[in-house]
Amino acid sequence: MDADVSDSPGTPAEPDRPDDPAGGGPAGESPDASGAAPQKDAPAEDKQGRPPGGDGPAEDTGDAGGPGDTAGADGTWSERPAREGRSHWLRWTALAASFLVLVAAGVGWWLYRKLDGNITTDTSAAAELKAYEKDRPLPIARNAQNILLIGSDTRSGENSAYGRDDGGSQRSDTTILLHLAADRRSATAVSIPRDLMTEIPSCHTTGGKATKAQFAQFNWAFELGGTACTIRTVEKMTGIRVDHHMVIDFNGFKDMVDAVDGVEVCLKEPVDDDDAHLKLPAGRQELDGEAALGYVRARKSIGNGSDTERMDRQQKFLGALVNKMQSNGVLLNPTRLYPVLDAATKSLTTDPGLDSLRDLYDLVRGMRNVPTEKVQFLTVPRREYRADRNRDELVQPDADRLFTQLRKDEPVAVVPAEKADSGDSQADHSSENDPSGEKPADTDGSPTPAPTYSGSNAADDPCGA
């Protein structure tokens, strides 16, 4: 066999040509016996740093050389323990992170279930309302919501410290109709006096006995037929469909105040009331839950002792509570919101439509963007009942006009009592001053301005500063 012929499958070089593409090398080099080019110098790398013919990434192995190059091999093996150490550390970090995520998810689920389980569902009221569905008003404003808030005056259980327990009977100490506008840009809370004389429909007692329809003071409805009877009485009075209801007792209110670290109030005079467990100095001050409860319930020791004055105090306190929750970021901070929700849900009884934490969260989320000056409080237009000055009656047509505005989801203008024109501090269009209930029309034929009602909003300073 000729010396220029290789037994290998490679193509022999042609030394006469300066550059032999088929030979795979520059001129002057010839293949060895196996057909491979001699390794005098390190092979040139391509643009990606890979050796010719290689598919993998370039690797720094010290001096370029073959597998037998001990320097290169020594450099490669010396780095392997460090890479393995980093890989081991990353695996443990990922495992620890996964464990923490699982723990957090488990704790979150447990907290959710705890809060959810705190809420009591009032199924009996739902059944009673369903039985009288045909007599109830139809909703008019889509997406607007009307929620009846009832403060229970029961003296049973833990509430016995606040009065004598006469067999666990319940009374509605405070009743507020909360209207949430469809666009969730305003909220109007209307207090209904407990001594207001009104028509109470026939209801069923807890024992199933039917009561007679009667004209009586408003809070009798709760004592006679519970929540369902109160809702039907409000709907009959206002023509407004009540979408949901909440009943909260004394301890729930007290714990909510403590959960936000107290609420600021302002007293014109010092208070010393043994019945309300209340002893406070005059001036601006922060009330804890126990003191706050006495403050909103006191009648004889603060102001003129009337229920109207007490409702005004309750409204301003609720406004201050809303302001505290919004200004301190409670609604947006889970760690601060949880104690408030825990306190509220423990003493909360709702209809089936609001008996889950998700339902309540959706409600709170819809309200958290309402400006504090648009969270308004007022009392239904009322005056002393003609037959008994210790009772109240509605001022008409003022009350019906307010109820129509709420029913149609129309804006309600509320101003401080001192800015209202009416002397009875209910509305500046009192029918006592004008039997028609309308303001005199302007001479230029402009439309009658919308009525305004005396009250307060959550942005008001408690000391009027």
Side-chain angles (χ1 to χ4, degrees), residues 122-139 146-155 166-179 189-249 306-308 310-311 314 349-351 379-400 402-404 406-407 426:
D122 189 355
T123 54
S124 60
E128 178 83 356
L129 293 173
K130 186 176 181 179
Y132 289 96
E133 180 61 36
K134 59 182 175 55
D135 298 327
R136 302 182 64 193
L138 297 174
N146 298 293
I147 304 172
L148 195 65
L149 310 176
I150 302 173
S152 172
D153 197 18
T154 179
R155 299 304 202 282
D166 51 1
S169 63
Q170 54 183 1
R171 310 171 185 84
S172 56
D173 186 69
T174 300
T175 304
I176 296 175
L177 180 62
L178 175 64
H179 174 79
V190 182
S191 293
I192 302 175
R194 63 181 187 176
D195 295 333
L196 180 71
M197 299 301 292
T198 188
E199 295 287 348
I200 300 177
S202 174
C203 301
H204 287 92
T205 65
T206 53
K209 182 180 178 181
T211 64
K212 64 177 181 179
Q214 55 191 302
F215 184 74
Q217 64 188 67
F218 174 72
N219 69 338
W220 281 23
F222 195 71
E223 188 171 357
L224 290 172
T227 304
C229 193
T230 301
I231 292 174
R232 293 180 58 222
T233 301
V234 170
E235 291 182 340
K236 185 177 181 65
M237 179 197 309
T238 65
I240 298 172
R241 171 88 174 203
V242 175
D243 302 300
H244 300 289
H245 71 268
M246 297 182 185
V247 180
I248 186 167
D249 68 19
S306 69
D307 196 42
T308 300
R310 187 177 72 132
M311 285 186 296
Q314 291 172 348
T349 301
T350 74
D351 63 278
T379 302
V380 294
R382 38 70 48 206
R383 62 188 171 202
E384 289 182 358
Y385 180 43
R386 295 168 187 148
D388 185 350
R389 60 179 303 173
N390 294 318
R391 301 288 180 266
D392 292 328
E393 65 179 358
L394 294 176
V395 173
Q396 295 293 7
D398 302 10
D400 282 345
L402 171 63
F403 299 150
T404 298
L406 296 175
R407 186 166 57 248
Q426 294 304 317

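Because only heavy atoms are used, hydrogens play no part in the values below, and waters and symmetry mates are left out as well, while side chains stay in. Not measured: the values here are computed from a predicted model. Here, residue 1 is the first one in the sequence, and each next residue gets the next number.
- Distance alone, capped at 3.5 Å, places no donor-acceptor pair between the Asp243 side chain and the Ile147 backbone.
- Between Glu133 and Lys130 there is no salt bridge, since no side-chain N of the basic residue sits under 4.0 Å from a carboxylate O of the acidic one.
- With rounding to the nearest 0.5 Å, the separation of CD1 in Ile231 from CD1 in Ile240 is 13.5 Å.
- Of the inter-residue distances, the one linking Leu178 atom CG with Leu406 atom CG reads 10.0 Å to the nearest 0.5 angstrom.
- The distance from the CZ atom of Arg391 to the CD atom of Gln217 is 4.0 Å, given to the nearest 0.5 Å.
- Atom CD1 in Ile150 sits 10.0 Å away from atom OG1 in Thr349 (nearest 0.5 Å).
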Let me see the working for Thr230 and His245 under side chain to side chain contact (heavy atoms under 4.5 Å, CB included), right down to the final yes or no.
CA-CA 10 Å; Thr230 301; His245 71 268; over 6 Å; no
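- Looking at residues two or more places apart in sequence or on another chain, you find a salt bridge (Lys or Arg N to Asp or Glu O under 4.0 Å) between Asp392 and Arg382.
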Could you walk me through whether Leu177 and Asn146 pass side chain to side chain contact (heavy atoms under 4.5 Å, CB included), step by step?
CA-CA 7 Å; Leu177 180 62; Asn146 298 293; 4.3 Å; yes
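- Between Met311 and Ser191 the shortest heavy-atom distance is SD-CB, 4.0 Å.
- Nearest heavy atoms, Val380 versus Leu402: CA-CD2, 4.5 Å.
- Closest approach of Glu199 and Thr233 over heavy atoms only: O-CG2, 3.6 Å.
- Taking every heavy atom of both residues into account, Ile200 and Phe218 meet most closely at CD1-O, 4.4 Å.
- Leu394 CG to Thr198 OG1: the interatomic distance, rounded to the nearest 0.5 Å, is 6.5 Å.
- From Met237, atom CE reaches atom CG of Asp400 across 11.0 Å, with rounding to the nearest 0.5 Å.
- Across Ala228 and Leu129, no two heavy atoms sit closer than the pair O-CD2, 3.9 Å.
- Looking at Thr174 and Gln314, their side chains do bring a donor and an acceptor atom within 3.5 Å of each other.
- Contact between Arg241 and Pro137 at its shortest, heavy atoms only, is CD-O, 3.0 Å.
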